[in-house]
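Computed from heavy atoms alone, side chains included, the values below leave out hydrogens, waters and symmetry copies. This is a predicted model, so every value here is computed, not measured.
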Amino acid sequence: RWFTTKAATMIGIVFAASGVGGIVFNPMVAYLIKEYGASFDYRVEAILILVIALPSALFLLRSRPADMGLEPQQPKAGETTTEKEEAASAGNNAKAVFKNPSFYVYAFVAFGSGCLMYGYQMTASMITTLPIHETMPLLGGTVMSFASAGQTLGKIGLGYAADKNPVLAYGIVLVCGVCGYMGYCFVNDTAMAWYVTGFLVGITAACTNVLVPAQVKAMYGLKDYESIWSIVAVINKAGGLCQSMIFGAVIALFGYVVFYEVFSVFLGAIFLCSLGSWALSKKLRANWTTKEQDEAALKGQEKPKEMAS
């Protein structure tokens, strides 16, 4: 609604604020729980949400640029408003997208991306099971701050990469994720190792909010984006709902090392399906049209019938 180009970069910048919150609050939460207990910590968090988050949501957020008297983007020099509007509204019809195999392959990517936060969220829990936790009881909170820093920078960096090529961005996620997860499993006896691997896992978790809408836009355009995105968003959120049941069972049955090994394979499958959906959508991407062009084509088909009658 706000940006027709560089949308992924802008989404990354907006969502990066949540990573900044993690950098600040994770050490604070760890300290409050250790010193005063979880109940006191939850009361402090509730007050902060009431004082900071609620007023911001009620009085600062706007859904559309028109709510503030703005347009999504200004035309570039030498480009007319009509050309800009046509470029912004080009894409595929939702019906054509739902019939294309690329949509169903990408459905797995959307579901899997929704699960990727779980590897990030289990970081502190895994640390509590290791000997290093005995000597550094606040290490989990510190590592989560490094992971939040990775998430913050990752959202901006992955957004920029996704505007160039979303499959490239998923490739970056794959490399960072596998290195981070394997570090969790096999290089976990020093604080510095945890800081580095936590940062890499944070970059991987950044893809959840940034890359899914970016690849949908890149494959299918903006003409019926809201109709297509409404389905993809439900699938993405379903991944977030199911992640604890699926991977929590793996941890309970086999432990954290096996979980992160399985998670690395799962991440590889997400990348391959992202690449496959991109390849399968090639024909759709080559045939983007605007609604005005569709209407003109329809009138052209109806005109001979009128002349015959």
Side-chain angles (χ1 to χ4, degrees), residues 12 15-38 41 45 112-113 115-158 171-210 240 243-244 246-248 250-268 270-271:
F15 278 107
S18 64
V20 174
I23 296 170
V24 174
F25 286 107
N26 279 319
M28 182 192 78
V29 168
Y31 173 79
L32 291 176
I33 291 175
K34 182 177 181 294
E35 297 294 329
Y36 303 103
D41 169 66
E45 290 187 54
S113 297
C115 296
L116 288 181
M117 282 297 293
Y118 199 67
Y120 166 87
Q121 293 165 350
M122 289 297 100
T123 298
S125 297
M126 182 180 182
I127 291 174
T128 62
T129 67
L130 300 173
I132 194 173
H133 177 69
E134 300 296 328
T135 57
M136 301 182 68
L138 296 181
L139 178 63
T142 307
V143 172
M144 289 304 295
S145 290
F146 276 86
S148 296
Q151 196 177 35
T152 299
L153 297 177
K155 286 174 179 176
I156 299 172
L158 291 176
I172 296 171
V173 169
L174 174 64
V175 172
C176 290
V178 171
C179 291
Y181 299 148
M182 291 301 98
Y184 279 12
C185 296
F186 305 112
V187 192
N188 54 24
D189 55 348
T190 68
M192 183 57 65
W194 275 105
Y195 298 155
V196 173
T197 54
F199 185 85
L200 293 174
V201 169
I203 294 175
T204 304
C207 88
T208 303
N209 300 118
V210 178
Q243 60 180 356
S244 299
I246 297 171
F247 296 109
V250 175
I251 293 174
L253 292 172
F254 305 106
Y256 283 98
V257 172
V258 173
F259 159 66
Y260 279 113
E261 289 173 345
V262 170
F263 217 59
S264 297
V265 175
F266 182 66
L267 183 56
I270 292 172
F271 170 73

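Every residue meeting the side-chain hydrogen bond (donor to acceptor under 3.5 Å, both in side chains) condition with Thr123, not counting sequence neighbours, appears here in chain and number order: Tyr184. In this view, Tyr260 satisfies the side-chain hydrogen bond (donor to acceptor under 3.5 Å, both in side chains) rule with no residue, not counting sequence neighbours. Under the rule for a side-chain hydrogen bond (donor to acceptor under 3.5 Å, both in side chains), Thr208 has no partner lying at least two apart in sequence or in another chain. With sequence neighbours excluded, the residues forming a side chain to side chain contact (heavy atoms under 4.5 Å, CB included) with Ile172 are Leu158, Ala161, Cys176, listed by chain and number. With sequence neighbours left out, the side chain to side chain contact (heavy atoms under 4.5 Å, CB included) criterion links Thr128 to His133.
Of all heavy-atom pairs between Leu116 and Cys207, the closest is CD1-SG, 3.3 Å. Leu267 and Val173 make their closest contact through CD2-O, 3.7 Å (heavy atoms, listed as atom of the first residue, atom of the second, distance). The shortest heavy-atom contact between Cys115 and Phe266 is CB-CE2, 3.9 Å.
Note: Ile246 CD1 to Ile251 CD1 = 12.5 Å, rounded to the nearest 0.5 Å. Separation of atoms CE (Met126) and CE (Met122) is listed at 12.0 Å; rounding is to 0.5 Å.
Counting only heavy atoms from C-beta outward, the side chains of Met117 and Gln151 approach each other to under 4.5 Å.
For the pairing with Phe263, the ring pair (Phe, Tyr, Trp, His ring centres under 6.0 Å) check across Phe254, Tyr256, Tyr181 returns one residue only, Tyr181.
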Without placing hydrogens or testing angles, list every side-chain donor-acceptor pair under 3.5 Å for residues 192-206, not counting sequence neighbours.
{"residue": "Trp194", "atom": "NE1", "partner": "Asn188", "partner atom": "O", "Å": "3.0"}
{"residue": "Thr197", "atom": "OG1", "partner": "Ala193", "partner atom": "O", "Å": "2.8"}
{"residue": "Thr197", "atom": "OG1", "partner": "Trp194", "partner atom": "O", "Å": "3.3"}
{"residue": "Thr204", "atom": "OG1", "partner": "Gly177", "partner atom": "N", "Å": "3.0"}
{"residue": "Thr204", "atom": "OG1", "partner": "Leu200", "partner atom": "O", "Å": "3.3"}

